[in-house]
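Positions are given from 1, in the same order as the sequence printed here. Note that ligands are numbered from 1 as they come in the structure, with each ligand's atoms numbered from 1 the same way. Owing to the predicted nature of the structure, the values given are computational and were not obtained by experimental measurement.
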Amino acid sequence: MTQLMPNTDPLKPGYPFNAHLVAGITPIVKGGELDFWIDRPKGLKGYILNLTVSGGGLVFPGTPHERKVTKGDMMIIPTSAVHDYGRHPDLHNWYHRWIYFRPRAMWSEWLDWTEKSCGVGFLSLKKHHGEREIDMIDHLFQDIDQINEQGSMLAEELSLNLLEQILIRCREFDDSKPTSPVDPRIQRACLFIHENIASELSIDELARVACMSPSRFSHLFKKQKEVSVRQWIEDQRIALARQLLITSDLAINQVAQYLGYQDALYFSRVFKKNLGESPREFRQSQR
Ligand code: FCB
């Protein structure tokens, strides 16, 4: 009896994408082994950022949403969004770089591009910008790829940091999107959260820091950050927890305490809910 082995090549169908970040390049050449349609009707568990570096692809073929992508065109495919694409039949190749990732809550504004089709965001670097911008983004993709190949201790942190740069750049390039600068009162509250991450941090206290009523504060926070105050605080704590788990030898209950969780079991549950694995599993997988 043959046992089906899980696919370990992210370029081939059936790869499970269980990691938080996977990056690569898909070099599709006419008639080559990668020359098939990438068709995922239910999407993936995370986001995908895609940049065409040469040749061209066809997205949503045979539908009213069909479109061609060529050098400098980017796509952002959200969690669970249908995607169906492959080499453009008229072109000899389609090379595209991609990053699969689980986004941080505070990125939500940068993930929502103005031009969308079937939930997938599109951004053309060549239309409004030029070769320099394409090169810059291409290099950031390459850096992420290299960091992951080298597998340094802080590979994931570094990759997320570079990915954040790509998303911020894309937000800048997406100039048809209206800018809404963060209200200084909300900024003040965010700074306070960072400085007091291990404290209880009630909405009343944060609203006082922002000089607003608690309900107005919660409402404005959600509007500006696109996540609730509670979720944002949790996100900051998880980001810090990840760093501590990788870079220190603190026991899990010490990490929990450092972040203001009195109950280490509760901390582990919150961590697992956010990242899909317990703090212990996370630390082991990083080492
Ligand atoms: C690869 C595809 C690429 C992207 C990643 C997540 O198999 O070639 O386009 O979808 O998966």
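- Taking 4.0 Å as the cut-off between side-chain N and carboxylate O, Glu172 and Arg169 count as a salt-bridged pair.
- Ion pairing of Glu133 with Lys126 is absent here, as no side-chain N (NZ or NE/NH1/NH2) approaches a carboxylate O to less than 4.0 Å.
- Protein heavy atom at the shortest distance from atom 8 (O) of ligand 1 is Thr26 OG1, 2.8 Å.
- Seen from the ring of Tyr261, Arg237 counts as a face-on cation partner, given the 6.0 Å and 45° thresholds.
- For Arg40, a nitrogen or oxygen atom sits less than 3.5 Å from a nitrogen or oxygen atom of ligand 1, counting backbone and side chain alike.
- Relative to the six-membered ring of Phe60, Arg67 misses at least one condition, a distance below 6.0 Å or an angle of at most 45° to the axis.
- Every atom of ligand 1 is numbered from 1 in the order shown, and the set under 4.0 Å from a heavy atom of Ile38 is 2 (C), 8 (O), 9 (O).
- Those atoms of ligand 1 with a heavy atom of Ile48 less than 4.0 angstrom away are 6 (C), 10 (O).
- The heavy atom nearest to atom 5 (C) of ligand 1, considering only Tyr15, Tyr100, Trp98, is found in Trp98.
- A salt bridge links Lys71 with Glu131: the closest approach of a Lys/Arg side-chain nitrogen to an acidic carboxylate oxygen falls below 4.0 angstrom.
- What sits closest to atom 6 (C) of ligand 1 on the protein, heavy atoms only, is Phe17 CZ, 3.5 Å.
- Of all protein heavy atoms, the one closest to atom 7 (O) of ligand 1 is Pro10 O, 2.5 Å.
- Centroid-to-centroid, the aromatic rings of Trp98 and Phe141 stay 6.0 Å apart or farther.
- Near His96, meaning under 4.0 Å from one of its heavy atoms, ligand 1 places the atoms 3 (C), 8 (O), 9 (O).
- Taking every heavy atom of Tyr85 and a limit of under 4.0 angstrom, the matching atoms of ligand 1 come to 3 (C), 4 (C), 9 (O), 10 (O).
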| task | May I have the step-by-step check of side chain to side chain contact (heavy atoms under 4.5 Å, CB included) for Asn274 and Glu234, ending in yes or no? | result | CA-CA 9 Å; Asn274 277 272; Glu234 198 169 290; 2.9 Å; yes
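- Heavy atoms of Lys12 found under 4.0 angstrom from ligand 1: none, in either backbone or side chain.
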